[in-house]
Amino acid sequence: MMPEASTAEMSAPAPDHVSRVDQVGVEERVARFRTRSIKKSSKVHALKLVLSQIDLTTLEGQDTPGKVRQLCQKAKHLHDTLPDIPHVAAVCVYPMMVGVAKKALTDSGIHIASVATAFPSGMATTEAKLEEIKLAVEEGADEIDMVISRGKFLQGEYQAVFDEIALCKEACGDAHLKVILETGELGTLDRVRHASDLAMHAGADFIKTSTGKIQPAATMPVTLVMLQAIRDYYYKTDRMVGMKPAGGISKAKLAIQYLVMLRETLGEAWMTPEWFRFGASSLANDVLMQLKKQETGVYQSGDYFSKD
Amino acid sequence: MDKNIKTEAHYAERASAQETSMPATSESQSKSKSRTTSASAPRLGVEKTYKLYINGKFPRTESGRYFTVADASGNNVANMCRASRKDFREAVVAARGAFSGWSRASAYLRSQILYRVAEMLEGRGEQFVGELTATGSSKRAAAQEVTAAIDCLVYYAGWADKYQQIFSSVNPVASSHFNFSILEPTGVVSAIAPQEKGLLGFVSDIAPIIAGGNTVVSLASEQNPLCAISFAEVLHSSDVPPGVVNILSGYRNELNEHFASHMDVNAVIYNGADADEIKLVQEQAANNIKRVVIRKKPAAPDPYQIMDCQETKTTWHPIGG
């Protein structure tokens, strides 16, 4: 660790020291999760849980109010011919679209998440970022997904990153704050662990892997490291922090493997939409197809499921 | 054991023959001859593992199961992968993935690739004659079958860039519009190959499907699957994109249902005359109203077999608009 690290953390209410990550151990552990066999009724249960944990996302420059309304409709009516399926946890949009989503989702119980803080790069002044958060919250966002300043983090300005997260948390008010680490830009699992600790100590309600705009996005090793950070933080402070892997999880099978990892790392308390989310746009349809397959015994086709 | 010796005999013949054309391989293969040629350095034959062909790769079945193929006198010739419904599912995903590229490839390119497949098969004819004779064909019949399969490929290679103009039309309408009916490939086709003629039956089943721009998942003959699996090696070396042809070996009574019921399959072709199987295929195919083609008897190649997996799209275009 660079010398700045220790000084930064001493002045911030941050971890005393950052745990080093055993990369080989993490990969071996992840390989184990991937071998678990989840079938039949357990699979149906898991698939429904996945659905209820999805943040249905559209974060494109080409988004229009019409597109957002369509996504909200999808969130409310995933596939009406399937009985007993939950709705998704939230719809995730840009701040400009929060008002549209709010109107479309009235009384549905579906949360509205908004990215903010110059998503996805985070390249803006702190003032501008706080302004954006306040705007999104005023418009009606229940959850704010912020990005950390990866540039500053990589330069070793941990205190600045910490302070910014703390200010954002304050600006959120009652809204939940999810902190996006953009692990694809952090480079090593050690830095992922460090950034996770930093974000949690600064007040994050959720930590999130990625924006979905950078490859690699969410991977199982990265998510495991973050889950372990959440576990250690919980043991230390008794505060539960949520986890949101985002980007690149588009298959139901993979999502179930994430749930296995969650169950075996943090335990059952985290197995709810309140503490675990999937940031995804195409995952929902694959899960629906699997549920339909379980119901009918027939392999399904995307042709018969609504597009987001 | 028996197969090894035959393989050696092939090598011996190939080395000694001045001109190795296919009929030459149907000359006598004696065990004594192969023993004499390998007497100096006795070795165990290297037997081929017959695997599946999915998305341009040769995986084993995920189920880990196998079944055996016997020759006329009941000896085990090879262990074949007994594909499961999950292997079929993977193959359909591969075929779906390959569809957009293959259906958009120019007719000329598809034609050239099919011709290339024929060239590759011509070059490896001996291997297929060997496999056919190993499972009961006479050498003469085997040689004829291989020749017919090559000719069949060339035939459909020729049709690949011609059937559109023959079967499309400009239709007279009572307004100032051009009205065209043009053909589009149906999509992903699952094909249950005939039980007879392990090579020719298989080739004449898939060639019109892919000539028409569809992608295919095929179930090789249960009784004689060797050639279909070896044919994957021919396809693999002929610029056929991965996923365009996927080949499974296994039991019909396990796989028919899934071949017919999968919602992401747009047409199913069943070769055979078993009334119960036909009923099952028709019923299961009704799920997504997929196109069903039943071929009770082997037919000579004709362009109408391409048309079995084509959809007609009619468009109106204002004249001078």
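Residue numbers begin at 1 in each chain, while the letters A, B, ... track the order of the sequences. As a basis for the values below, the full set of heavy atoms in this structure was taken, side chains included, without hydrogen atoms, waters or symmetry mates. This is a predicted model, so every value here is computed, not measured.
- Expressed to the nearest 0.5 Å, how far OG1 of A:Thr296 lies from CG of B:Asn287 amounts to 7.5 Å.
- For B:Tyr304, the OH atom counts as loosely surrounded, since its 6.0 Å shell holds 12 or fewer non-hydrogen atoms of other residues, nucleotides or ligands.
- B:Arg291 CZ: more than 12 foreign heavy atoms inside a 6.0 Å radius.
- The neighbour count for A:His77 NE2, taken as heavy atoms of other residues, nucleotides or ligands under 6.0 Å away, is above 12.
- We find the CE-CE distance between B:Met263 and A:Met289 to be 10.0 Å, quoted to the nearest 0.5 Å.
- Of the two parts of A:Lys292, neither the backbone nor the side chain holds a non-hydrogen atom closer than 4.5 Å to a non-hydrogen atom of chain B.
- When all heavy atoms of B:Asp264 and A:Ser301 are compared, the closest pair comes out as OD1-OG, 2.8 Å.
- Atom CZ of B:Arg89 is separated from atom CD of A:Gln300 by 12.5 Å, given to the nearest 0.5 angstrom.
- Within 6.0 Å of CG on A:Asp80 lie more than 12 heavy atoms contributed by other residues, nucleotides or ligands.
- Heavy atoms from other residues, nucleotides or ligands lying under 6.0 Å from CE of B:Met307 number more than 12.
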